[in-house]
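To start, the structure itself, in structure tokens.
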Amino acid sequence: VTTILRLRTILIAVSFTFFVSNAYSQDSLTDYPVYYVDQGAINIDGNISSDEWKNTQLIESAFHFPWRSEKAPSTKFKAAWNEDGFYFSFDVTDNNIVLADGDKGEKSVDHSDRVEIFLDPTPTDQQKPTLANYYGLEMAPNNVIHEYSAQLYRKFNSDWSLDNAHYETQINDNGYMVEGFIPTNS
């Protein structure tokens with residue numbers, strides 16, 4: 001029997017120098033099945049192997065430019081969970097990776113291509129997320145990570161971070177891959 005956790009998809013985004021996201025609408029939230037994996041089944045190394053992620057569901061067509069008519073590059077997202085925590089991966093096709101010059105600090109992610117996950121702690125029994133307080137993870141192809149808490153509208157606390165979270169990225173011939181893990185006790 002496969003155990004499934006339902007993840008309410010608030011917003012998963014991919015940024016190509018400017019913000020790119022799936023259409024976020026508080027009225028059209030979707031549930032994404034996040035499958036259980038055995039402990040040790042996924043190695044967070046930035047290399048998304050088909051064996052590690054074979055028992056997960058793929059989200060691919062949900063990504064687009066919200067304010068541009070051109071088609072966004074292919075982005076594949078997968079997620080899994082077990083008692084240890086939440087695992088996720090992105091496989092991004094990007095033939096022109098942009099990385100911030102100079103500073104390698106977390107705010108340099110704002111000037112780089114990146115993938116993003118926003119987490120809303122609104123209880124899932126509520127119809128709409130409040131986004132009054134939420135958390136962001138922005139991950140650039142060169143493994144520079146920006147973690148923050150935020151409040152609407154754009155009030156960021158970059159001192160916040162997830163305890164013991166682990167991220168790895170890998171640039172390849174087609175773009176880049178990102179893998180991450182958020183421990184249950186974070």
What distance do [X] atom [atom1] and [Y] atom [atom2] have between them, rounded to the nearest 0.5 Å?
{"X": "Ser89", "Y": "Phe77", "atom1": "OG", "atom2": "CZ", "value": "7.0 Å"}
{"X": "Tyr35", "Y": "Thr56", "atom1": "OH", "atom2": "OG1", "value": "9.0 Å"}
{"X": "Asn143", "Y": "Gln170", "atom1": "CG", "atom2": "CD", "value": "10.5 Å"}
{"X": "Asp113", "Y": "Asn96", "atom1": "CG", "atom2": "CG", "value": "7.5 Å"}
{"X": "Thr93", "Y": "Asp173", "atom1": "OG1", "atom2": "CG", "value": "12.0 Å"}
{"X": "Asp91", "Y": "Glu179", "atom1": "CG", "atom2": "CD", "value": "10.0 Å"}

message = Do Trp160 and Met139 land in one hydrophobic cluster if side-chain heavy atoms of ILVMFWY residues count as linked below 4.5 Å?
response = yes
query = Is the shortest heavy-atom distance from the side chain of Leu137 to the side chain of Ile182 under 4.5 Å?
reply = yes
message = Measuring only between side-chain heavy atoms, which start at C-beta, is Phe86 closer than 4.5 Å to Leu119?
response = no
query = When you measure from the side chain of Ser112 to the backbone N and O of Ala100, does any donor-acceptor pair fall under 3.5 Å?
reply = yes
Shortest non-hydrogen contact from [X] toward [Y]:
{"X": "His146", "Y": "Ser158", "answer": "NE2-OG, 2.8 Å"}
{"X": "Phe90", "Y": "Thr75", "answer": "CD2-CG2, 4.1 Å"}
{"X": "Leu58", "Y": "Glu60", "answer": "CD2-OE1, 3.7 Å"}
{"X": "Leu99", "Y": "Pro141", "answer": "CD2-CD, 3.8 Å"}
{"X": "Ala41", "Y": "Glu52", "answer": "O-CG, 3.6 Å"}

task = Name all residues meeting the side-chain hydrogen bond (donor to acceptor under 3.5 Å, both in side chains) criterion together with Asp84; count only those two or more places apart in sequence or in a different chain, and write none if there are none.
result = Gln39
note = The side-chain hydrogen bond (donor to acceptor under 3.5 Å, both in side chains) partners of Asp45 (sequence neighbours excluded) come to Asn43
task = Please list, chain by chain and in numerical order, all residues satisfying salt bridge (Lys or Arg N to Asp or Glu O under 4.0 Å) with Glu168, sequence neighbours excluded.
result = none
remark   = Apart from Val37 itself, its cluster of hydrophobic side chains linked below 4.5 Å comprises Ile42, Ile44, Ile48, Trp53, Tyr87, Met177, Phe181
ask   = Which residues satisfy the ring pair (Phe, Tyr, Trp, His ring centres under 6.0 Å) test with Tyr167, sequence neighbours excluded?
value = none
Derivation and outcome, side chain to side chain contact (heavy atoms under 4.5 Å, CB included), residues Tyr176 and Thr169 = CA-CA 7 Å; Tyr176 62 99; Thr169 64; 5.7 Å; no
task = Report yes or no: do Glu83 and Thr184 form a side-chain donor-acceptor pair below 3.5 Å?
result = no
Within residues 133-146 or reaching into it, pairs that qualify as salt bridge (Lys or Arg N to Asp or Glu O under 4.0 Å) - sequence neighbours excluded = Arg114-Glu138
